[in-house]
Each structure stands twice: as C-alpha cells, then as structure tokens.
S.K.: 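Take this structure first; my questions come after.
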Amino acid sequence: MAYDRDDQYATFEQMYRCYPVSFIEKSDLEKGDKIIMPPSALDRLASLHIEYPMLFQLKNPSAGKVTHCGVLEFVSDEGIIYIPYWMMENMLLQEGDIVNVKNTNLAKGTYVKLQPHTKDFLDISNPKAILETSLRTYSCLTTGDTIMVAYNNKKYYIDIVETKPSPAVSIIETDCEVDFAPPLDYKEPEKQAKSILSDRKQPLVEDEPPAKIARFSPFTGSGRRLDGKPSTQPVEQISSPELKQKQTDKEIKGSDSKSSNTASHRPHGKLVFGSNATTSGTQTTPKVSQTNTNQEKSQKEEEPTFKAFTGKKYSLKS
C-alpha cells in the first residue's frame, strides 16, 4: 500500500486480488456498486483526511479499464476485495486478477443518459420509478459502464451513455435528470421506413402534364388505283366524318365517269373491277327475252280452257 500525506489532502492507493461477491454469500450486492474491503484499508483511510462518503476508482492494469464504486464493509481477508460480477465484466477481470484501488472525489451528477439493452425494460409499467429505486444502491456512475437493474426476478442491463458534468459523477443525495436512448434491439416500424423511402424517391420537380393523345382519323393517307396506274389526285386528310363522306362520294362519281370513258381504250390482259366493258352486247339481250315471251304466249294459246259439265251423258237405267 502507498499513500501520500500532506496538510490538505491524502491519497489512498492499493493493489488487491478481486473476486465476485457471491464467494462470500452476499449476492444481494450484485444490485449495486458497493465493494467489500479488508479491515486494514479502513484503518489507513481513517488516518487520512478524506471526504465522505468514500468513493474509489478501480482500474484493471492489464486492460486499462476504469470504473468507480463505493464501499459497504471492511470484512474481507487481507489482500482481497469482493466486487459485483457485473463490474468485473465491465473491467474484463477474471477471478483472482489484480486490480488497483484508489480513493477519489467525484462531482454530483446533474444529467444521466441511459440506454437499455432490450426493449423489455420499457415494457415495465413505470421504468423511471424502478430505475430510481434501483439507483439508490449505487454511489456513482461512469460513462461507458453497463449497470444491472433487477426487477421481478429478471436482470436488465443498461449502458451509461453520458453523464454530466463529468465522465464520472456521484449520485448520492443529488437531483439528477435522467434521459433514455432507444434500446439496442429497437427497430423502426416497416411502415415508417417505407414512408421515409417514398419521400426520398419523390422528385423535387413536378411532373409535366401528359401529352394530348392524337385523335384517330380513318380513311387518310395516299390513294392507289386497282389497275396499277399512278393516282394523280392528291389525298387530303379529313378531320370530320361529313367531309370524309363527301369526298368518298366525289371519288365514286369520278371513277364511274372516268371508267366509262376509258373502257374502249383499255389494254388487253388487264381487269378493272366495276367497269362497263360487257355492255357492248346489249342488243342481243332484248332479242332473247322477246323470243322467250312469244313462246310462252303460244303455249298458253294451245292449252284448252276448262269447261264445266261437258261430255257424254249416261243413264242409270238399264
């Protein structure tokens, strides 16, 4: 053990082997940050001008981990201290490892930010009240530590995210504001995430109005003749059904007159549908029809007319 003495201030510092408090059947100490020290430590601390309540800094020399704690009793064996197991986990200590113990003074805490490991802690009816009751067994809090809160036979682990006004503060007889960060296993709802993604995908510039759909106009385009000759008449686009009908009527009349004029000049070996080329034999058709009518008249004249009650007479008498 080494300690410095002067008129104003003295420091206590000692190396001990550490073991969990369960080794001395004091498992209830797991609910706080109090340690058990040997009686010799009390004698030396009493001879120094130190402030009460006694607070200590624990340091793992091999891993460089540091935390802070209070003391409950001075009843352990010489050279040994017992500390809560959750503190050993924070400092990466194993049973029997060497730990440095040094007395310290800490400012009173004004703000603490906590983050539960699981969202089950927030399901408690009043987590702040449970936390306030549990923290009464703690003397100080250190940023980066993970404390354990027991409730209804269940252990809840909570990270110390931030402390003010310093990285390590005393919470004995002080009013401290407590804030909660989202639990480590908390996930945002899918609907909210989708809405955020949809907001990001929305363009900043408004979409342009859709272009007007072109109106369908039937019977438009270029015209072609069935006889293979090029069409000399230009075809205009018709926007209304009435104009379209008028144009088709004009085309039909023009084609009839043109076909009658060009029938005699038509070359051999070509067919033009709708022409009057066979009308040259119109003189024979009436003759055939006239002879047929004369034959029918003669047949009617030759047939005898029916006369009633004509013929021979017969008598019923013998």
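Please read all numbers here as calculations on a predicted model, not as lab measurements.
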S.K.: Tell me which one of Val101, Leu29, Ile36, Leu93 satisfies side-chain contact (heavy atoms from CB on, under 4.5 Å) with Ile83.
M.R.: Leu93

S.K.: With clusters defined by side-chain heavy atoms of hydrophobic residues (ILVMFWY) lying less than 4.5 Å apart, directly or transitively, does Phe121 cluster with Leu114?
M.R.: yes

S.K.: Taking atom CG of Leu106 and atom NZ of Lys108, what is their separation to the nearest 0.5 Å?
M.R.: 10.5 Å

S.K.: How would you list, by chain and number, every residue that makes a side-chain contact (heavy atoms from CB on, under 4.5 Å) with Thr142, sequence neighbours excluded?
M.R.: Thr67, His68, Asp145, Ala168

S.K.: If we ignore hydrogens and angles and just use 3.5 Å, is the side chain of Asn60 paired with the main-chain N or O of Ser62 as donor and acceptor?
M.R.: yes

S.K.: Please find the pair of heavy atoms, one from Tyr16 and one from Gly79, that lie closest to each other, and give the distance.
M.R.: CD2-C, 3.6 Å

S.K.: What distance separates Met54 CE from Met37 CE, expressed to the nearest 0.5 Å?
M.R.: 9.0 Å

S.K.: Check Pro84 against Asp33 and note the closest heavy-atom contact, atom names and distance.
M.R.: CG-CA, 4.4 Å

S.K.: With the 4.5 Å side-chain cut-off for hydrophobic clustering, are Val66 and Val99 part of the same group?
M.R.: no

S.K.: Tell me if a side-chain donor or acceptor on Asp159 pairs with a main-chain N or O of Thr146 at a distance below 3.5 Å.
M.R.: no

S.K.: State whether the number of non-hydrogen atoms from other residues, nucleotides or ligands found under 6.0 Å of Lys31 atom NZ is greater than 12.
M.R.: no

S.K.: Under the 3.5 angstrom rule, does the side chain of Ser76 hit a backbone N or O of Ile81 as a donor-acceptor pair?
M.R.: no

S.K.: Using the rule that two of Ile, Leu, Val, Met, Phe, Trp, Tyr join whenever any of their side-chain heavy atoms come within less than 4.5 Å, decide whether Phe180 and Ile160 are in one cluster.
M.R.: yes

S.K.: Val149, Val161: one ILVMFWY side-chain cluster at the under-4.5 Å cut-off?
M.R.: no

S.K.: Can you tell me if CG on Asp175 sees more than 12 non-hydrogen neighbours from other groups inside 6.0 Å?
M.R.: no

S.K.: When you measure from the side chain of Arg17 to the backbone N and O of Ile98, does any donor-acceptor pair fall under 3.5 Å?
M.R.: no

S.K.: Is a side-chain N or O of Asn103 found less than 3.5 angstrom from the main chain of Phe56, in a donor-acceptor match?
M.R.: no

S.K.: Any sub-3.5 Å donor-acceptor pair from Lys113's side-chain atoms to Thr163's backbone N or O?
M.R.: no

S.K.: Indicate the atoms forming the closest heavy-atom contact of Ser166 with Ala107, along with that distance.
M.R.: OG-CB, 4.5 Å

S.K.: Would you list the pairs meeting side chain to side chain donor-acceptor pair (under 3.5 Å) in which at least one residue belongs to residues 78-102, sequence neighbours left out?
M.R.: Glu13-Asn100, Ser40-Glu78

S.K.: Measure the spacing between OG1 of Thr11 and CG of Leu48 and express it to the nearest 0.5 Å.
M.R.: 8.5 Å

S.K.: Charged N to carboxylate O under 4.0 angstrom, Glu177 versus Lys164?
M.R.: no

S.K.: Does Thr118 reach the side chain of Pro183, with side-chain heavy atoms less than 4.5 Å apart?
M.R.: no

S.K.: Do Met87 and Ile147 belong together in a cluster built from hydrophobic side chains that touch within less than 4.5 Å?
M.R.: yes

